[in-house]
Amino acid sequence: MTAADLSRLDVPLADVELQTACETTRRALTRTNSPSDRIAYANDLYLLTHPEACSTEADYPEWPAQVAVLIARSENTRRTR
């Protein structure tokens with residue numbers, strides 16, 4: 001087998017990572033007895049296989065600034081206790 005033959009068998013790293021994450025989530029889903037965990041794992045699987053359903057930073061451009069304000073408030077509250 002030549003290097004050119006092997007390159008046709010290569011799978012992009014992103015695909016391998018997605019397959020691994022899905023398989024791990026499926027195993028966790030089948031092993032849990034908790035109804036709330038089953039719901040969470042099923043939702044995780046859906047979002048892994050449907051990335052268009054996920055929000056991105058472009059959807060909420062003002063969000064990082066708002067989070068920074070909340071973190072600052074939280075730190076100030078802890079200091080005054």
Side-chain angles (χ1 to χ4, degrees):
M1 193 173 259
T2 66
D5 293 334
L6 283 175
S7 68
R8 284 185 279 143
L9 299 175
D10 284 346
V11 177
L13 179 60
D15 292 351
V16 174
E17 289 174 339
L18 176 60
Q19 291 171 359
T20 303
C22 288
E23 183 58 31
T24 302
T25 305
R26 281 188 198 97
R27 272 191 262 135
L29 178 62
T30 60
R31 292 181 179 164
T32 186
N33 291 321
S34 168
S36 61
D37 285 349
R38 287 178 189 222
I39 292 168
Y41 291 136
N43 285 336
D44 289 345
L45 274 173
Y46 179 80
L47 292 174
L48 283 167
T49 56
H50 296 87
E52 70 280 358
C54 299
S55 296
T56 64
E57 290 181 16
D59 296 327
Y60 301 97
E62 71 285 348
W63 185 76
Q66 292 174 353
V67 170
V69 169
L70 293 174
I71 290 171
R73 286 182 190 164
S74 175
E75 289 174 355
N76 288 338
T77 301
R78 274 190 242 133
R79 287 186 198 138
T80 59
R81 286 185 183 176

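One is the number of the first residue; the rest follow in order along the sequence. Only a predicted model underlies this, so the values are computations on that prediction, with no experimental measurement involved.
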All heavy atoms of L47 vs all of A53, minimum pair found to be CD2-CB, 4.1 Å

Using salt bridge (Lys or Arg N to Asp or Glu O under 4.0 Å) as the criterion, list what pairs up with R38, not counting sequence neighbours. none

Sequence neighbours left out, what passes side-chain hydrogen bond (donor to acceptor under 3.5 Å, both in side chains) with S74? Give chain and number order. R78

Show me the pairs that pass side chain to side chain donor-acceptor pair (under 3.5 Å) and involve residues 61-72, at least two apart or across chains. none

Residues joined to L13 in its hydrophobic cluster, side chain to side chain under 4.5 Å directly or through other members, sorted by chain and number, are none

Enter the distance from T32:OG1 to I39:CD1 here, rounded to the nearest 0.5 Å. 11.0 Å

Got a sec, which residues hit side-chain contact (heavy atoms from CB on, under 4.5 Å) with S36, two or more places apart in sequence or on another chain? S34

Looking only at non-hydrogen atoms, find the nearest pair between A58 and P61 and report the distance. O-CD, 3.7 Å

Looking at CD of E75 and CG of L70, how far apart are the two atoms once the value is rounded to the nearest 0.5 Å? 11.5 Å

Quick one: does any side-chain atom of T49 pair with a main-chain N or O of L45 as donor and acceptor, under 3.5 Å? yes

Reported CG-to-CD1 distance for the pair N76 and I71, which is rounded to 0.5 angstrom: 12.0 Å

With ring-ring contact (aromatic ring centres under 6.0 Å, His included) as the rule and sequence neighbours excluded, what pairs involving residues 20-49 come up? Y46-H50

Going by the ring-ring contact (aromatic ring centres under 6.0 Å, His included) test, which pairs reach into residues 16-38, not counting sequence neighbours? none

Could you go through residues 17-25 and list every donor-acceptor pair under 3.5 Å that involves a side-chain atom there, pairing it with any protein atom two or more places apart or in another chain?
unit_1 : atom_1 : unit_2 : atom_2 : d
T20    : OG1    : V16    : O      : 2.8
T24    : OG1    : T20    : O      : 2.8
T25    : OG1    : A21    : O      : 2.8

The side-chain contact (heavy atoms from CB on, under 4.5 Å) partners of R31 (sequence neighbours excluded) come to R27

